[in-house]
Amino acid sequence: SDVYKRQLRMRVPALIHLNPDAATANRFVEWWSEALVEKHIEHIPMVFHDGVALAQVSPIFAKFLLECNDAYVLASGRGIYGDGAKAAGDILSALPLDRILLSSDSPWHTPH
């Protein structure tokens, strides 16, 4: 797409919002893998909004996060506290620190 081409020229990361369900996360990984093989795209840094939630619902996406050095996680308060805290901790502890960005989601979802 034109947006991707501009990002590639400017060397800015893509902020990617995906619906946090396994089917969506898996479709993205499949698309990305096929596009790289077919040389339709080049590597650009990708920041996944609420990437922890995506990894929690999709083992395929979790593996992608660990293996793709261009993938960064924006971990929000809602994604790392509460019911999913243990799973979130497991995912975040497996990633290098330089690929994790923390966000409070304020003022919409303030930490408790």
Side-chain angles (χ1 to χ4, degrees):
S1 78
D2 289 337
V3 172
Y4 171 78
K5 289 175 185 172
R6 276 190 230 119
Q7 286 176 309
L8 192 57
R9 268 196 318 271
M10 295 170 54
R11 307 301 298 165
V12 297
L15 179 58
I16 300 173
H17 290 256
L18 297 175
N19 197 33
D21 64 75
T24 302
N26 294 347
R27 272 196 313 270
F28 176 83
V29 173
E30 181 181 330
W31 170 82
W32 183 255
S33 300
E34 288 174 4
L36 282 176
V37 168
E38 295 172 9
K39 306 281 190 233
H40 290 251
I41 59 174
E42 295 180 37
H43 286 278
I44 62 168
M46 300 169 287
V47 178
F48 289 93
H49 183 267
D50 216 0
V52 173
L54 292 164
Q56 287 173 326
V57 299
S58 168
I60 292 170
F61 189 84
K63 184 176 187 254
F64 166 79
L65 279 181
L66 294 174
E67 294 175 353
C68 181
N69 291 328
D70 295 321
Y72 296 81
V73 171
L74 180 61
S76 63
R78 131 182 98 155
I80 58 178
Y81 296 108
D83 295 340
K86 167 90 173 77
D90 292 345
I91 293 163
L92 291 172
S93 66
L95 286 170
L97 287 177
D98 64 351
R99 292 190 19 225
I100 301 170
L101 297 96
L102 297 177
S103 166
S104 68
D105 260 357
S106 285
W108 301 279
H109 300 99
T110 56
H112 301 286

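Quick caveat: nothing in here was measured; it's all calculated off a predicted structure.
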* Structure fact -> Between the CG atom in Leu74 and the CZ atom in Arg99, the distance rounded to the nearest 0.5 Å is 14.0 Å
* Asked: Roughly how far apart are Phe48 CZ and Tyr72 OH, rounded to 0.5 Å?
  -> 12.0 Å
* List the atom of Ala55, the atom of Ile91, and the distance in Å for their closest heavy-atom pair. => CB-CD1, 3.6 Å
* **Shared hydrophobic cluster for Val52 and Leu102 (ILVMFWY, side-chain gaps under 4.5 Å)** => yes
* Asked: According to a 4.5 Å side-chain heavy-atom criterion applied to Ile, Leu, Val, Met, Phe, Trp and Tyr, with indirect links allowed, do Ile16 and Leu95 form part of one hydrophobic cluster?
  -> yes
* To do: To the nearest 0.5 angstrom, please state how far the CG atom of Leu65 sits from the CD1 atom of Ile60.
  => 12.5 Å
* To do: Describe, in one word, how the ring planes of Trp31 and Phe28 are oriented to each other, choosing from parallel (under 30°), tilted (30 to 60°) and perpendicular (over 60°).
  => tilted
* Asked: Under a single-linkage definition using a 4.5 Å side-chain heavy-atom cutoff for Ile, Leu, Val, Met, Phe, Trp and Tyr, are Trp32 and Val47 assigned to the same hydrophobic cluster?
  -> no
* State whether the side chain of Asn19 and the backbone N or O of Asp21 hold a donor-acceptor pair below 3.5 Å, judged by distance alone. => no
* To do: For residues Ala22 and Val57, report the shortest heavy-atom separation together with the two atoms involved.
  => CB-O, 3.3 Å
* To do: State the CZ-CD distance between Phe61 and Glu30, to the nearest 0.5 angstrom.
  => 14.5 Å
* Any side-chain heavy atom of Lys63 sitting closer than 4.5 Å to one from Ser58? -> no
* Asked: Distance from Leu18 atom CG to Leu54 atom CG, nearest 0.5 Å?
  -> 5.5 Å
